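All remarks here apply to the structure that follows.
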Amino acid sequence: MMALAYWLNVIRALWKTWFSTTVPPQSCWRKRCVKLPTSWKQEDGMAEHPVAKTLRGLADALSGAPPRLKIAFTALGSEFSTDVLLSAAEQVADRLLPVIIGPKPIPGFPWYQADELASAHRIMEQLLADGEVAGAVTLHYNFPLGVATVAQIHSIATGRSMVLASTTGTSDVHRPAAMVKNAIAGVAMAEALGIEEPRVGILNVDDASTVQRLLARLREAGFPLHFAQSSRADGGALMRGNDLIRATSDVLVCDTLTGNLLIKLFSAGLSGGEMETMGSGYGIGLGPDQKAIIGIISRASGPATISQALCFCAQMARNDLMRHWQKCWQLASSCGIEEIVHQRTPSAGPSTTIAVSAPPKTVLDDEIHGIDILRLEEACQHLWRHGIYAETGMGCTGPVLMINRQQRADADQHLKSFLS
């Protein structure tokens, strides 16, 4: 055993030496991190050296541990320094292989240079699309409408864990419909965590009773849904504050704004709100068209939360969360989830919006906030009509229109007349 440990340390030292060696730009070992249009700034990143990759794999094999998954991490844009973010990633390097995207590397680990969050997100998306990483953890990321994040929280009182669906993004523009879809996402994550027949509770907020009726109809249509029972004497699937603290249900369904507040309380409550010190962040984004595993933290996430967010992302990748999600969503779709949730959605009357083709796509590096979610699509179409490319999304503070910063002044002028 001592000999094995000796050679294991030798291999790891060689891996770090090989990999942390600076490779000249003209060398064939150095690789451009992402293919971008020539109008975009291209950053050179250090891809993993083939010899380093071999040594890392050999070290993992000798240790008897399963291969470490590559998890991208955008190490910039936080309220904490880059060094603090990198330290948090390095703390869990024995459980995953952090792929750093940011201004500085961790010696011995893959690194792609980025000096601003927008370019870091583009690199991250490319790495995910190319299959270079199994998942990613980032902050201030705008998911498209239809995607909401699902997290895991822990009860100090009972020691139980509970899936909270959802915490950021939005799965539908109408609240009851969004909460029903959140329930499906929560069930998928619970199954990925190894919970068979997870029990679903609904936080007792506005529209909770409506959501319960809609979920009951979905169950009658064939979706295998199991309601939790409140720990209070009168029971029922509507969860009270006590149930939240005790983590009574396996899955707790709520609207995104309430979930965002709850995750803040669970993660930052013990620091007096100074930083998030507990939990694993805001969870993973799930939606019908979402393919990649992207975990969310915030600017206030401290080192412990960042480390746990990286581990949770790797766990969800290893447990094949997206397969569980697609299975649940396809089953819900076959049971008529869209028809069920939109039959009760109040109609805003016939749409007066005339469909318009999108102008040529541009780099989206600016955001317009403050537009009501029910008018977001119309606002996007209005900009398209005037030749300004835009996309809708859901950020940390609510609905956003994502545009090119060079078109910001024109976009503001057109939206001012449209929304007034």
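No experiment lies behind these values; they were computed from the predicted model shown. Only heavy atoms go into these numbers, but all of them, side chains included; no hydrogens, no water, no symmetry mates.
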**Message:** For Phe418, does the six-membered ring have the charged nitrogen or CZ of Arg375 within the cation-pi criterion, i.e. under 6.0 angstrom from the centroid and within 45° of the normal?
**Reply:**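 Output yes; distance and angle both within limits.
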Considering all heavy atoms of both residues, which atom of [X] and which atom of [Y] are nearest to each other, and what is their separation?
X	Y	value
Phe109	Ala93	CZ-CB, 3.5 Å
Ile202	Leu252	C-CD1, 4.3 Å
Leu225	Val200	CD1-CG2, 3.7 Å
Arg199	Thr248	NH2-O, 3.2 Å
Asp115	Leu76	C-CD1, 3.7 Å
Leu145	Gly393	CD2-O, 4.1 Å

Atom [atom1] in [X], atom [atom2] in [Y]: separation rounded to 0.5 Å?
X	Y	atom1	atom2	answer
Met179	Asp206	CE	CG	9.0 Å
Asp365	Gln406	CG	CD	7.5 Å
Phe223	Ser334	CZ	OG	9.0 Å
Ser280	Ile263	OG	CD1	7.0 Å
Leu85	Ile106	CG	CD1	10.0 Å
Cys254	Asp207	SG	CG	13.0 Å

**Asked** Regarding Thr138 and His121, is there a side-chain donor-to-acceptor distance under 3.5 Å anywhere?
**Response** yes
**Donor + acceptor pair across side chains of Tyr112, Glu132 (<3.5 Å)** = no
Is it true that a side-chain atom of [X] and a backbone atom of [Y] form a donor plus acceptor pair closer than 3.5 Å?
X	Y	answer
Ser333	Trp329	yes
Ser307	Ala88	yes
Trp384	Pro359	no
Asp130	Leu127	no
Thr149	Gly283	no
Ser155	Thr158	yes
Trp325	Gly287	yes
Ser271	Met275	yes
Gln381	Val356	yes
Thr167	Tyr282	yes

Within the 4.5 Å heavy-atom criterion, are [X] and [Y] side-chain neighbours or not?
X	Y	answer
Leu193	Met316	yes
Leu286	Leu321	yes
Glu276	Leu270	no
Phe73	Met124	no
Cys328	Glu191	yes
Asp366	Met402	no
Pro105	Ile100	no
Gln315	Asn319	yes

**Stepwise side-chain contact (heavy atoms from CB on, under 4.5 Å) test for Ile337 and Lys181** = CA-CA 8 Å; Ile337 185 172; Lys181 294 177 181 180; 4.1 Å; yes
**Salt bridge Arg160-Asp250, side-chain N to carboxylate O under 4.0 Å** =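 Salt bridge between Arg160 and Asp250, a charged N being under 4.0 Å from a carboxylate O: yes.
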**Side-chain ion pair, Lys416 and Asp412, N-O less than 4.0 Å** =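 Asp412 and Lys416: not salt-bridged.
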**For Ser171, the option from Thr256, Asn182, Asp255 that meets side chain to side chain donor-acceptor pair (under 3.5 Å)** = Asn182
Residues, nucleotides or ligands: over 12 heavy atoms within 6.0 Å of [X] [atom1]:
X	atom1	value
Leu419	CG	yes
Glu338	CD	yes
Glu116	CD	yes

**Intermediate values then yes/no, side-chain contact (heavy atoms from CB on, under 4.5 Å), Thr170 and Val147** = CA-CA 6 Å; Thr170 183; Val147 177; over 6 Å; no
**Message:** Quick one, Leu364 with Glu391, criterion side-chain contact (heavy atoms from CB on, under 4.5 Å). Give me CA distance, side-chain angles, the key distance, then yes/no.
**Reply:** CA-CA 8 Å; Leu364 304 176; Glu391 291 182 8; 3.4 Å; yes
**Fill in**
With sequence neighbours left out, the residues meeting side-chain contact (heavy atoms from CB on, under 4.5 Å) with Glu79 are Arg299, Ala300
**Prompt:** Step by step, would you call Tyr141 with Thr168 a side-chain contact (heavy atoms from CB on, under 4.5 Å)?
**Reply:** CA-CA 10 Å; Tyr141 183 74; Thr168 65; over 6 Å; no
